[in-house]
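Structure first, commentary second.
Quick caveat: nothing in here was measured; it's all calculated off a predicted structure. Hydrogens, waters and symmetry mates play no part in the numbers below; they use all other heavy atoms, side chains included. Remember, it's 1-based here, ligands and their atoms both numbered in the order they're listed.
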Amino acid sequence: MSKLVQGYEVVIGFETHAQLSTTSKIFSRAATAFGAEANTQACAVDMALPGTLPVMNIGAVERAIEFGLAINAHIAERSIFARKNYFYPDLPKGYQISQFEIPVVQGGEVSFFLEEGQATVRKTVRLERAHLEEDAGKSLHEDFIGQSGIDLNRAGTPLLEIVTQPDMRSSEEAVAYAKELHKIVTWIGICDGNMQEGSFRCDANVSVRKPGGELGTRREIKNLNSFKFMQQAIDYEVRWQIDQIEDGIAIQQATVLFDPDTGETRAMRTKEDAADYRYFPDPDLPPLVIGRDWVERVKGEMAELPRVMAERFVKDYALPEYDATQLTQSKAVAAYFEATAKACGQAKLASNWIMGEVSRRLNAGEMAIEQAPVSAAQLAALIGRISDNTISNNAARQVFEGLWNKEGEVDALIEAKGLKQMNDTGELEKIIDEVLAANPKNVEEFKAGNAKALNGLVGPIMKASKGKANPGQVNALLMKKLGS
Ligand code: ADP
Ligand code: MG
């Protein structure tokens, strides 16, 4: 059951433009590098000079195949390029080459975990399609001289447009989907994922309806290029639509922009229909034919996918599915986990430490795991000292702190901080006897059947041992002495 907002169900579908990581453009040999001086990376094809013809970049096709394989989609054996006609100064041909009726990637799905209250649930978003297309150029408005210019460096840059079914039911779900998709495209290396540079931008189609009713009319929020804005924009849009409907105003289908300064969405234009674009097959390009042998070859050359790796972690390391998914957020995190788990032989402890203490500190310092000052070997050594009972979990956190601050190696830190657990029962028994003698009331209450009175004894014992007593041993000795 999806959660409702003021009695309305939210419905979201995403269209994402992922810029493919080829060095040259989709139909020309011009470079795609970001940030070059205007119009230095636009060749005759990109400028639509008469007599030029597009030539398909095989690297872009290969990346589309990789994406299809990564999300379990059907890869069309024959797909068609179409002209999407519209006039805009940054589109010198007067049309964009895209795919319309028959896209290269069909179906597939993306799944991820979501926190819902106390529970963690798996959510799957179905994909409708992913198609290849070219990007347009850019209009540059020089307000101070009252002129506009066109930069065609971006014209012809290869894009994969990834379209979902309207399967998401909240802004949290939408952001989780976008993050998962971002992980997939960067993991397989088909897109650099740089959102500031526009390499991964999302359009969120948002509508609301009464539960169980027909789909409402959607508005499409364009070009969301940060996860934070994505959430803010959708939340604002949902409230706005509900307010309109509550006021008796019907939603008009429209394309809107999010303004991060005001936190509001505002209409840019009413929505075009497919008919407005007068799509037709591009006669300059033959059908894109992808034989099964090509797909098989690409499959054979691809690195292990995140979901396959997660399944392997469940199987080989007996990890819960949730841990396995968290640990495969990036290749670097996965490699760090595997190195730690192999070195200490305690996969679940390694997972707990990485998802807990390590992530917490990385987040606090806004660092990637590659920058972690604690190596996998050091973390493994630390875990080894917990499992051989040299130190308690609490002491281990202090050692970890020392490792993080580069104060030394595990054993040296345990020594220097005096954290070794008291494994000498004689010494511990002495402490326990003293604490029992000093707290007769607790002893009496415990013997009278109040189990909670034990806490009043364990605390002072741990304190007197300076946290070095092994809690299990303390418990066992206490029970023996109290005769239960
Ligand atoms: P277009 O290409 O014109 O934007 P599509 O029909 O291909 O239109 O849909 C684009 C996206 O909008 C898809 O992700 C789809 O899931 C989503 N979508 C369609 N109808 C709705 C709706 N009523 N509410 C929310 N999203 C929707
Ligand atoms: Mg759209």
Ser21 (side chain) donor-acceptor with Gly189 (main chain) under 3.5 angstrom: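 Judged by distance alone, yes, a pair lies under 3.5 Å.
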Donor-acceptor under 3.5 Å (Asp284 side chain, Leu53 main chain):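 Absent.
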Counting from 1, what ligand 1 atoms have a heavy atom of [X] closer than 4.0 Å?
| X | answer |
| --- | --- |
| Gly216 | 23 (N) |
| Glu220 | 4 (O) |
| Gln165 | 16 (O) |
| Leu215 | 23 (N) |
| Val163 | 13 (C), 14 (O) |
| Phe14 | 14 (O) |
| Thr164 | 13 (C), 14 (O), 15 (C), 16 (O) |

Ligand 1 to Pro166 polar contact by distance, N or O atoms, under 3.5 Å: yes
Nitrogen or oxygen atoms of Thr217 and ligand 1 under 3.5 Å apart: no
Pairs involving residues 134-170, ordered by first then second residue, that meet ring pair (Phe, Tyr, Trp, His ring centres under 6.0 Å) (sequence neighbours left out):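 Listed once each, the pairs would be none.
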Within 6.0 angstrom of Glu142 CD, more than 12 heavy atoms from elsewhere: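 Yes, CD of Glu142 has more than 12 neighbouring heavy atoms, counting only those of other groups under 6.0 Å.
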Shortest reach to atom 6 (O) of ligand 1 by a heavy atom, considering only Arg219, Arg218, Glu128: Arg218
is_close_aromatic(Tyr277, Phe100), centroid dist under 6.0 Å: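 No, the ring of Tyr277 stays outside the 6.0 Å limit from the ring of Phe100, centre to centre.
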pair Tyr177-Ile12: side-chain heavy atoms closer than 4.5 Å: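 No, every pair of side-chain atoms sits at 4.5 Å or beyond.
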Test item: Glu401 and Trp404 side chains (from C-beta on) under 4.5 Å apart, heavy atoms: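 The answer is no, as the side chains (C-beta and beyond) never meet within the 4.5 Å cut-off.
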